[in-house]
Enquirer: 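Please see the structure below; I have some questions.
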Amino acid sequence: MSLGAYCVIYCKRIGTSTSPPKSHTYWRDIRNIIKFTGSLILGGSVFLTYEVLALKKSLTLDTEVVEREKMKSYIYVRTISSDKGENYGIAWQARKELHKAVRKVLAASAQVFRNPFADTFSTVDIEDYECAVWLLLRKSQADDRAARLEAVQEMSETHHWHDYQYRIIAQACDPRTLIGLARSKESDLRFFLPPPPLPSLKEDSSIEEELRKLLASLPQTDLDECIQYFTSLALNESSQSLAAQKGGLWCFGGNGLPYAESFGEVPSATVEMFSLEAIVKHSQIPAHCDRIEANGGLQLLQRLYQLHKDCPKVQRNIMRIVGNMALSERLHPALIRSGWVSIMAEALKSHHIMEASHAARTLANLDRETVQEKYQDGVYVLHPQYRASQPIKADVLFIHGLMGAAFKTWRQEDSEKALIENALGDEDRYTTCWPKTWLAKDCPALRIISVEYDTSLSDWRARCPMERKSIAFRSNELLSKLRAAGVGDRPVIWISHSMGGLLVKKMLLEASRQPELSALINNTRGIIFYSVPHHGSRLAEYSVNVRYLLFPSLEVKELSKDLGIGDLIPVDVNHLNICKPKKKDAFLYQRTLQFIRETLAKDLKN
């Protein structure tokens with residue numbers, strides 16, 4: 001407006017002024033034009049600046065209402081200005097009175113939990129019904145361990161919250177609480193955020209090629225000879241596969257022929273499986289686990305895990321690698337950041353015993369709050385797989401035999417009727433692992449462990465040309481793993497099948513020669529042998545205080561005579577099925593259960 005008035009006055013002055021002499025008219029007009037143009041530019045700049053500032057001020061919104069709505073679904077860190085003058089006004093007074101009311105509610109709730117509420121939460125505007133969420137979060141981060149465990153248990157048992165309240169916990173809880181929720185049986189899966197997005201692969205790359213690069217980046221020296229052999233084999237086979245994909249490889253002889261032959265006869269033996277099997281072996285070495293993480297292995301394994309959801313064998317090897325990496329506490333932050341806790345929490349609730357057991361091993365290795373033991377590769381806890389309030393009073397160990405496994409050896413005897421019942425999902429009528437389902441229910445105070453070891457290095461078609469491992473080597477290897485799992489700290493019963501019985505005897509013999517393992521010998525209460533060829537040896541030489549129960553099969557009945565100790569019960573069952581009861585009330589299972597209860601009667605009672 002001032003600019004317009006100036007222009008009008010100026011124009012009037014020009015119109016009413018007398019005509020100057022002609023000699024001065026030309027230069028005076030130029031000066032007037034310059035003055036007018038300069039004034040116009042200056043005034044315009046001032047006007048535009050004023051309008052921009054006014055527009056910005058008019059568009060500044062009070063976002064308090066929006067922020068309060070956002071807090072119902074997201075976590076925000078609120079900052080308070082140090083200048084109190086900025087907060088004076090009606091809105092500030094209203095917030096002050098609201099905070100006073102909230103503090104009174106929080107103080108009353110804190111008395112119930114017997115724990116003062118943190119001052120940092122007193123500046124957050126929350127509804128009355130949300131106090132429990134924040135109180136439990138605060139309690140889960142308390143210095144008192146018992147209070148933390150109680151808070152996690154209360155969170156896991158809560159099933160009436162809204163979806164956003166579960167998300168609040170998921171975003172605000174610390175790693176210790178997150179792992180505790182993952183190992184709680186009743187936890188809602190909404191407590192766990194989905195894994196972060198995976199980095200995209202390069203245009204000219206593939207998962208197979210990335211696996212090969214990861215395997216090639218791992219140290220290839222100072223390894224077991226068989227691991228070196230199979231690592232080299234996997235790299236060679238994947239190289240030929242990549243060459244065939246990119247250039248149409250034709251190879252008659254060398255490594256190409258067994259490669260093509262293996263894929264023709266064993267369709268599941270893919271190139272990914274070659275690399276994964278080798279990485280499993282490398283992950284048993286702590287320094288190699290660091291290399292796997294540093295080279296993006298956690299993200300690559302996660303991509304492969306999601307891609308092969310319908311392939312249990314691939315997923316099993318991936319979970320073995322992650323479980324081995326969880327043995328190293330310095331890798332725990334990386335495992336949590338990459339989203340593996342969420343994946344394992346979901347897998348732990350799977351109805352497939354093998355998948356759930358692999359997840360339980362990984363989460364137990366991550367849980368340093370309630371688990372002191374470490375479960376190395378091949379040592380699986382069948383019960384309890386979740387955090388349990390009931391104390392464990394004894395251990396029962398299952399050791400499979402030649403060409404057996406930690407789960408399939410102890411399944412129910414296969415039959416057409418059993419397979420139909422298995423489809424119905426009734427574990428009392430059919431189970432793929434009776435120690436996990438039947439024995440855990442009948443003896444809940446036991447820790448049930450199943451051990452898996454390689455009777456050959458792997459199931460690859462190629463055989464390692466190096467010398468095979470002896471029973472003595474296997475027994476020392478298993479003995480070291482079991483001691484890391486705390487076996488020997490409480491009463492123990494060993495249950496073995498076939499060659500597993502020879503390993504048990506060898507382990508006990510080795511332990512009897514080492515004073516530091518005397519607790520394992522003293523706490524061994526009994527041994528059950530399913531079809532173990534003793535070759536006439538007398539079991540009394542291991543311990544005179546141990547009870548024995550022997551089930552010789554038809555094939556080894558003659559080898560088990562005149563042992564001089566224990567209960568020898570011949571059973572009209574073949575070698576493979578002697579450890580696979582037909583049903584829960586079958587003689588084999590009921591007699592085994594009776595032996596466990598009688599042998600551990602004093603320990604379970606105490």
Side-chain angles (χ1 to χ4, degrees), residues 179 182-185 187 189 192 195 268 272-273 276-284 289 292 297-298 300-328 331-332 335-336 338-367 371 373-387 397-400 404-411 427 431-437 440 447-454 458-459 478 481-482 484-485:
I179 294 170
R183 296 197 67 236
S184 299
K185 189 172 185 179
S187 288
L189 289 178
F192 309 99
S268 62
E272 287 86 354
M273 283 301 305
L276 281 176
E277 291 272 8
I279 295 174
V280 166
K281 301 301 177 183
H282 281 276
S283 67
Q284 297 173 1
C289 291
I292 294 173
L298 290 174
L300 180 60
L301 293 173
Q302 192 175 128
R303 186 187 301 278
L304 198 61
Y305 184 88
Q306 295 174 356
L307 186 64
H308 292 281
K309 288 186 175 181
D310 57 343
C311 184
K313 190 172 183 181
V314 171
Q315 291 196 327
R316 183 168 66 249
N317 281 325
I318 292 174
M319 296 176 85
R320 283 181 67 186
I321 296 171
V322 177
N324 291 341
M325 296 179 70
L327 290 167
S328 176
L331 293 179
H332 287 187
L335 288 166
I336 294 170
S338 59
W340 276 106
V341 174
S342 302
I343 296 174
M344 294 299 170
E346 183 178 1
L348 185 57
K349 296 182 182 297
S350 172
H351 296 293
H352 299 285
I353 292 177
M354 190 179 300
E355 181 181 1
S357 299
H358 279 278
R361 169 179 171 255
T362 301
L363 291 173
N365 287 334
L366 289 172
D367 187 7
V371 181
E373 302 84 5
K374 291 191 175 181
Y375 299 100
Q376 298 186 18
D377 190 36
V379 181
Y380 302 100
V381 177
L382 302 180
H383 174 81
Q385 293 185 339
Y386 296 95
R387 284 186 177 181
L397 274 68
F398 288 81
I399 316 293
H400 67 79
F407 307 101
K408 72 176 184 179
T409 294
W410 313 105
R411 68 184 184 275
E427 292 182 343
T431 176
T432 55
C433 185
W434 59 263
K436 169 70 172 64
T437 52
R447 181 177 65 159
I448 304 173
I449 294 178
S450 186
V451 174
E452 183 164 288
Y453 59 95
D454 294 331
S458 72
D459 58 355
L478 286 180
K481 291 182 177 182
L482 293 176

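Computation of the quantities below employed the complete heavy-atom set of this structure, encompassing side-chain atoms and omitting hydrogens, waters and symmetry-equivalent molecules.
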Enquirer: So does Gln376 get a backbone contact from the side chain of Arg361, meaning a donor-acceptor N/O pair under 3.5 Å?
Expert: yes

Enquirer: Looking at CG of Leu331 and CD1 of Ile292, how far apart are the two atoms once the value is rounded to the nearest 0.5 Å?
Expert: 9.0 Å

Enquirer: How about CD on Glu346, more than 12 heavy atoms from neighbouring residues, nucleotides or ligands closer than 6.0 Å, or not?
Expert: no

Enquirer: For Val280, does its backbone N or O pair with a side-chain atom of Ser283 as donor and acceptor, under 3.5 Å?
Expert: yes

Enquirer: To the nearest 0.5 Å, how far apart are OH in Tyr380 and SG in Cys433?
Expert: 12.5 Å

Enquirer: Can you see which heavy atom on His308 is nearest to which on Val314, and at what distance?
Expert: CB-CG1, 3.8 Å

Enquirer: Once you round to the nearest 0.5 Å, how far does OG1 of Thr362 lie from CD1 of Ile321?
Expert: 11.0 Å

Enquirer: Does the plane of the ring in Phe407 sit parallel, tilted or perpendicular to the ring in His358? Use 30° and 60° as the thresholds.
Expert: tilted

Enquirer: Treating Tyr386 as the side-chain partner and Leu348 as the backbone partner, does any N or O pair qualify as donor plus acceptor under 3.5 Å?
Expert: yes

Enquirer: Between Leu382 and Ser357, which heavy-atom pair has the shortest distance, and what is it?
Expert: CD2-OG, 3.8 Å

Enquirer: Dump the intermediate steps for side-chain contact (heavy atoms from CB on, under 4.5 Å) on Leu366 and Met344, then the final yes or no.
Expert: CA-CA 11 Å; Leu366 289 172; Met344 294 299 170; 5.9 Å; no

Enquirer: Listed by chain and number, what are the salt bridge (charged side-chain N to carboxylate O under 4.0 Å, His left out) partners of Arg447, not counting sequence neighbours?
Expert: Asp395

Enquirer: Can you find a heavy atom in the side chain of Val381 that is under 4.5 Å from one in the side chain of Glu373?
Expert: no

Enquirer: Applying side-chain contact (heavy atoms from CB on, under 4.5 Å) to Lys481 and Val451, what does each step give before you reach the verdict?
Expert: CA-CA 9 Å; Lys481 291 182 177 182; Val451 174; over 6 Å; no

Enquirer: With a 4.5 Å limit on heavy-atom distance, are the side chains of Ile318 and Gln315 in contact?
Expert: no

Enquirer: For Ser350 versus Glu355, what's the shortest heavy-atom pair and its separation?
Expert: OG-OE1, 3.0 Å

Enquirer: Say you draw a straight line from CZ of Arg387 to CD1 of Ile179; how long is it, rounded to the nearest 0.5 Å?
Expert: 8.5 Å

Enquirer: Using the side chain to side chain contact (heavy atoms under 4.5 Å, CB included) rule, pick out the option among Lys436, Gln385, His383 that qualifies with Ile448.
Expert: His383

Enquirer: Just by distance, do the side chain of Lys349 and the backbone of Ser187 share a donor-acceptor pair under 3.5 Å?
Expert: yes

Enquirer: Measure the spacing between CD1 of Ile279 and CD of Gln284 and express it to the nearest 0.5 Å.
Expert: 13.0 Å

Enquirer: Determine the minimum heavy-atom distance between Asn365 and His332, stating which atoms define it.
Expert: O-CE1, 3.4 Å

Enquirer: Determine whether a donor-acceptor pair (N or O, by modelled atom type, separation under 3.5 Å) exists between the side chain of Tyr453 and the backbone of His400.
Expert: yes

Enquirer: Using every non-hydrogen atom in the two residues, find where Arg411 and Thr432 come nearest and quote the distance to one decimal.
Expert: CB-O, 3.2 Å

Enquirer: Checking Ser338 side chain against Leu335 main chain: does a donor-acceptor pair fall under 3.5 Å?
Expert: yes

Enquirer: Closest heavy-atom contact between Glu452 and Ala405?
Expert: OE1-CB, 3.4 Å

Enquirer: Quick one: pull up CD1 in Ile353 and OG in Ser450 and give me the separation to the nearest 0.5 Å.
Expert: 10.5 Å

Enquirer: Is there a side-chain contact between Pro195 and Gln302 in this structure, where contact means two heavy atoms from C-beta onward sitting under 4.5 Å apart?
Expert: yes

